[in-house]
Amino acid sequence: MARPKDLDTLPDRLLAWYDRHARDLPWRVSPASRADGNRPDPYRIWLSEIILQQTTIPHGTPYFQAFTDRWPTVEALAQSRDEDVMTAWAGLGYYARARNLLKCARDVVALGAFPETEAELQKLPGIGPYTAGAIAAIAFGQRAAAVDGNVDRVFARLLALKGDWAAEKKVIAASVRALVPEERPGEFAEALMDLGATVCTPTRPNCPACPVADMCRARAEGVPERYPIKPAKGVARVRQGVVYVLVEGDEIMLVRRPDKGLLGGMLALPTTDWPKMGVPDAAPPASARWKTVGEVRHVFTHFTLTLTVQRGTLKGKRPDGLWTPIRDVEGLPTVFAKAFRLATSGA
DNA sequence: AAGTCGGGGCA
DNA sequence: TGCCCAGACTT
């Protein structure tokens, strides 16, 4: 794959910049510490990469601390109960990550250790092209590329890529792979991501602070923030449903959602479905005197959900469910936490 | 190749 | 409101 000759000095210049400007992150071994012979812990690198998939560092960091405090090793995590991991993950989103996290931990324990190559890592659940490259490079010093959203943006600008975004992303991946240095491949990956996160930012890139600004075609064109050029998204979709807060005494009825699909495997309140079109069929979990207490609105990636919150006090026989003292409720995904708060606050 | 899958922060 | 964030998996 051909690449502009003028990117040849990028790795050395980027690593020199990284030596002075690396972010200090809980799972990371700094350049100075690496110089002292310290190496990243593959378990912590893997865990941080899974947590940070499509997740900001401020949001993910407290979860990383909580997970490593409670499960300091992959062996400890592999032995934990599924419900405990799902509860610890509640609020982070993309819950398939939590299910795959546990599967992966158990696979790794069965293997005896984390595999060290990109290809072997990518066979594990929850580890795709980006994460495999990141772990191989950062934890095992392999010459692998880790192309995340930051790196896509940095290279879209460096090369001023104007074509179809899906096709340009392949150009970027090939360009980055060709540039990964033999020495310090992991720090090269970290440096590219730091550059994107702190200098080559989405809306207001700080080009004067960029160590490779002179190589940047978007900078030369004068409007670097115009890149990357992505296709417009479709019209926003809206759905609606009903969520039921069924109470008896000081206990509330919860349910466990099926593993597949939206909020899979998570603790939840009973609901109707929320069809793509029209209104849902009423599906209260028991016959009771239901009163509407309000609505909650929640934005998912590809639709906005409005749930009517109905509250009922049970008089007859309890339906099957996870009846839980109201004060002990934890581990609900955010949309249900909103409904729970609405129905139990001041009422 | 296109859809699905969360949640929070910010312009 | 729309976009972004250390993307992966399913169809």
Side-chain angles (χ1 to χ4, degrees), chain A residues 23 25-28 40 44-64 86 89-101 103-104 121-139 144-154 156 164-167 169-170 173 176 186 188-198 200-204 225 228-239 257 259-266 268 276 296-305 332-338:
Chain A
R23 287 179 292 177
L25 301 170
W27 46 88
R28 184 177 278 184
R44 292 166 63 88
I45 296 301
W46 163 71
L47 178 62
S48 70
E49 293 299 345
I50 303 300
I51 287 175
L52 293 171
Q53 286 167 3
Q54 294 293 288
T55 302
T56 59
I57 287 176
H59 190 41
T61 298
Y63 286 84
F64 175 81
M86 301 312 287
W89 199 273
L92 249 190
Y94 285 160
Y95 297 99
R97 289 185 295 170
R99 301 193 298 273
N100 285 331
L101 185 81
K103 281 185 207 161
C104 185
L121 283 162
Q122 203 173 330
K123 293 178 183 174
L124 293 168
I127 299 182
Y130 161 75
T131 304
I135 297 173
I138 296 169
V147 183
D148 72 336
N150 289 305
V151 180
D152 276 333
R153 181 174 59 256
V154 169
D164 173 75
W165 180 237
K169 283 203 287 188
K170 296 180 181 178
V176 177
F188 178 72
E190 294 173 326
L192 268 183
M193 290 189 278
D194 280 17
L195 186 70
T198 66
C200 195
T201 53
T203 55
R204 277 168 39 87
E225 62 270 25
I229 303 169
K230 299 184 179 183
K233 303 234 169 121
V235 293
R237 301 292 180 185
V238 175
R239 300 195 204 178
R257 291 176 64 84
D259 274 345
K260 292 187 183 301
L262 191 71
L263 308 174
M266 296 302 290
K276 292 182 180 179
V296 293
R297 184 173 167 282
H298 189 76
V299 179
F300 291 100
T301 301
H302 54 297
F303 65 95
T304 296
L305 178 63
L332 290 174
T334 299
V335 61
F336 297 120
K338 288 179 184 173

Ring centres under 6.0 angstrom apart (A:H298, A:F300): yes

Touch class at under 4.0 angstrom, heavy-atom based, for A:K276 against every strand present: sugar-phosphate

C:dC3 to B:dG3 separation - P atoms, rounded to the nearest Å: 16 Å

Non-neighbouring partners of A:N100 that pass side-chain hydrogen bond (donor to acceptor under 3.5 Å, both in side chains), sequence neighbours left out: none

Residue list, ring-ring contact (aromatic ring centres under 6.0 Å, His included) with A:Y130, at least two apart or on another chain: none

Integer angstrom distance from the P of B:dG6 to that of C:dT11: 15 Å

Pairs flagged by salt bridge (Lys or Arg N to Asp or Glu O under 4.0 Å) wherever residues 123-137 of chain A is involved - sequence neighbours left out: A:E120-A:K123

Sugar-phosphate only, base, or nothing, as touched by A:P333 at under 4.0 Å among non-hydrogen atoms: sugar-phosphate

Comparing A:R239 and A:A90 on DNA chain B - which has the more 5′ nearest nucleotide: A:R239

Covered region of DNA chain B, 5' end to 3' end, by chain A [heavy atoms, under 4.0 Å]: B:dA1 to B:dG8

Sequence-distant partners of A:Y94, ring-ring contact (aromatic ring centres under 6.0 Å, His included), two or more places apart: none

Gap in Å between the two P atoms, one belonging to C:dA6 and one to B:dT4, rounded: 25 Å

Partners meeting side-chain hydrogen bond (donor to acceptor under 3.5 Å, both in side chains) with A:T131 (sequence neighbours left out): A:Q53

Base versus backbone protein contacts along nucleotides 2-11 of chain C [heavy-atom cut-off under 4.0 Å; B, S, -]: -SSBBBSS--

Contacts of type salt bridge (Lys or Arg N to Asp or Glu O under 4.0 Å), residue A:E49, not counting sequence neighbours: none

Touch class at under 4.0 angstrom, heavy-atom based, for A:G60 against every strand present: nothing

Qualifying residues under side chain to side chain contact (heavy atoms under 4.5 Å, CB included), relative to A:A132, sequence neighbours excluded: A:E118, A:L121, A:Q122, A:I127

